[in-house]
Amino acid sequence: MKIIIWLMLFGNAFTAQALMKVQQISPDVYALVGELSQRSQANLGNNSTHGVIVTDEGVILIDSGASYLGAKQIHQIIQKITDKPIKIVINTGGQDHRWLGNGYFKKLGAIIISSAEARKDQKIRVNSQISRLDRLIGDSLEGTTPVFADTVFKNSYNIELGNTKLALYYQGGAHTLGDIFVYMPSEKIMFSGDIVFNDRMLGIGPAKNFQSWMQVFEKMAKFDIKTLIPGHGRASTLETATHDTYEYLLFLKKEVAKILNRDGSLLEISNIDQSKFHYLKNYESISGKNAGWVFEQMEFDY
Ligand SMILES: [Zn+2]
């Protein structure tokens with residue numbers, strides 16, 4: 001009996017938090033890689049990838065997590081890497097895991113930066129994001145209050161902390177309306193936020209503008225990139241990002257164009273054979289929806 005109770009306790013402790021994996025990119029840069037599946041009570045909403053840069057004057061965090069507890073989890077992981085304080089938090093977009101942990105880091109004294117478009121998008125969608133999280137992560141939402149960026153920019157913004165320089169660029173909507181990419185020239189590292197999904201299938205919403213997403217990706221891809229830390233999945237190269245994100249969007253565009261060119265209907269999108277992207281997680285649940293969204297957008301333009 002004692003053994004069973006012990007196993008139950010241990011089991012609970014073990015599943016209570018799905019830990020994020022730490023991927024070291026360079027001596028001072030890390031990717032924190034969350035689960036690829038849906039937001040859950042165990043992952044605290046952090047089904048996303050985040051960037052951490054340790055400078056001689058403190059830490060820059062790329063994306064604050066989906067909840068107060070999700071932010072705390074990120075902070076605890078950072079504390080295992082360094083005892084330096086979190087000085088700057090960048091929100092790369094409007095999706096919950098990019099910004100709903102802001103309140104936690106604001107209390108620690110961090111400055112929060114996003115594009116003006118991202119902050120606008122967050123303000124419009126905050127209530128629906130909170131109610132969705134309430135449904136998906138339940139008790140793990142405890143303590144979460146929306147806190148928006150105190151510094152916003154229109155097209156580009158430069159950050160300097162200690163010896164570290166970063167350049168932030170807003171080039172139009174991608175996965176969400178205010179997505180930005182963040183470039184670190186000294187290490188040739190690109191932090192793409194939700195502009196890149198590695199290892200899992202992207203979802204064309206919430207911005208539902210795959211053409212703008214492709215254009216933003218093309219602008220990002222012009223940079224000299226050694227390592228790309230995506231918004232979802234493992235850090236990798238521009239080549240992987242192109243394969244898992246850009247080529248998928250291009251594929252859908254070409255397949256939907258074939259249907260529209262013969263005056264086909266929305267019903268025909270189920271005939272598109274997307275199986276070459278089957279290796280991406282969440283393929284079953286999202287591939288059909290993606291084709292539908294591409295059709296809707298392209299039909300409007302035709
Ligand atoms: Zn995301």
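We use all heavy atoms of the structure for the numbers below, so side chains are in, but hydrogens, waters and symmetry mates are not. Atoms within a ligand are numbered from 1 in the order they appear, just like the ligands themselves.
Here the rule is ring-ring contact (aromatic ring centres under 6.0 Å, His included) with F277, and of F251, Y283, F197 only F251 fits it.
In terms of the side chain to side chain donor-acceptor pair (under 3.5 Å) criterion, Q79 has no residue partners (sequence neighbours excluded).
Of all heavy-atom pairs between D244 and D199, the closest is OD2-N, 3.0 Å.
Only protein N, O or S atoms were scored, and 4 of them lie under 2.8 Å from the Zn ion (ligand 1).
In terms of modelled atom types and a separation under 3.5 Å, the side chain of E187 and the main chain of I189 share no donor-acceptor contact.
Checked against a 6.0 Å centroid threshold, the rings of W213 and Y246 do not count as neighbours.
Donor-acceptor pairing under 3.5 Å is recorded for the side chains of N43 and S40.
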